[in-house]
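All ligand and atom numbering here is 1-based and tracks the order in the structure. Being a predicted model, the structure only gives us computed values, none of them experimental.
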Amino acid sequence: MKTDCGRICGARCCSPLEGEETGMMLFPGEAEAYAGKAGWMIRGTARGQLVVCPGRCDRSERPLACRLFPLLPLLREDGGIKVVTDERARAVCPLARQGKSAMDPLFVEAVREVGELLAGDGEQAAFLRELAAEQNELKELRRMLGGGKRV
Ligand code: SF4
Ligand code: SF4
């Protein structure tokens, strides 16, 4: 959006409920930037590393996942980039529930460009493929639970 969408939803993506500080995923190489930073915590998971932030940040220092949210660039099998709304954002973000059509096309295009840049690096490309697999699993789970279709 061209305005601050956090004013509409109370910045829900930066305000987890107590006990639900699940964090934002980190792309390969990002953990080093937050390790040891006061108020920030790195967590390891089966699918990579997460960072839990203090709930406020200098926007120029926020992780890539926060810059992309609620979108994700996924690497398709043919090597192209597909920009999708993150399945995990659906429960949190009103924009994610509306889909890409609610967002500034320049933002969607910027996310695509990020994906294309990342896809040029072997490690980042592997991570984008893992993200795609995870999104497929979540989409399938939503389908099984009777969730609605989204753009
Ligand atoms: S990205 Fe979504 S959850 Fe985050 S501030 Fe904007 S509308 Fe709210
Ligand atoms: S790092 Fe910044 S943008 Fe990301 S969730 Fe925390 S406060 Fe929000």
Number the atoms of ligand 1 from 1 as they appear, then name those within less than 4.0 Å of a heavy atom of Cys9, with their elements. 3 (S), 5 (S), 7 (S), 8 (Fe)
Does Cys53 put an N, O or S atom under 2.8 Å from atom 2 (Fe) of ligand 2? no
Looking only at heavy atoms, what is the nearest atom pair of Arg97 and Arg90, with distance? NH1-O, 2.7 Å
Closer than 2.8 Å to atom 2 (Fe) of ligand 1: does that hold for any N, O or S atom in Cys13? no
May I ask you to list the atoms of ligand 1 that are less than 4.0 angstrom from any heavy atom of Cys93? 1 (S), 2 (Fe), 3 (S), 7 (S)
Please report which non-hydrogen protein atom sits nearest to atom 2 (Fe) of ligand 2, along with the residue it belongs to and the distance in Å to one decimal place. Cys57 SG, 2.3 Å
Near Gly6 (heavy-atom distance under 4.0 Å), the atoms of ligand 1 are 5 (S)
Take Arg142 and Glu87 through the salt bridge (Lys or Arg N to Asp or Glu O under 4.0 Å) test and state the conclusion after the steps. CA-CA 9 Å; Arg142 182 159 58 83; Glu87 290 290 326; 2.8 Å; yes
Looking only at protein heavy atoms, which one is nearest to atom 6 (Fe) of ligand 1, and how far off is it? Cys5 SG, 2.3 Å
Looking at Pro63, is its backbone amide N or carbonyl O close enough to the side chain of Glu30 to form a donor-acceptor pair, meaning the two atoms are under 3.5 Å apart? no
Do Gln49 and Tyr34 have side chains that get closer than 4.5 Å, going by heavy atoms? no
Evaluate side chain to side chain contact (heavy atoms under 4.5 Å, CB included) for Met24 paired with Leu64, printing each intermediate quantity in order. CA-CA 9 Å; Met24 299 300 283; Leu64 181 56; over 6 Å; no
For atom 8 (Fe) of ligand 2, the closest protein heavy atom turns out to be Cys14 SG, 2.3 Å
Locate the shortest heavy-atom distance separating Ala119 from Ile81; write the atom from each residue and the value. CB-CD1, 4.2 Å
Tell me the protein heavy atom at minimum distance from atom 1 (S) of ligand 1, and give that distance in Å. Phe69 CD2, 3.7 Å
Arg56, portion touching ligand 2 at heavy-atom distance under 4.0 Å: backbone
Verify side chain to side chain contact (heavy atoms under 4.5 Å, CB included) between Asp86 and Leu71, making sure each step is shown before the conclusion. CA-CA 5 Å; Asp86 188 338; Leu71 299 181; over 6 Å; no
What do we get for Trp40 next to ligand 2 when only non-hydrogen atoms under 4.0 Å count, side chain, backbone, both or neither? side chain
To which protein heavy atom is atom 4 (Fe) of ligand 2 closest, and what is the distance rounded to 0.1 Å? Cys66 SG, 2.4 Å
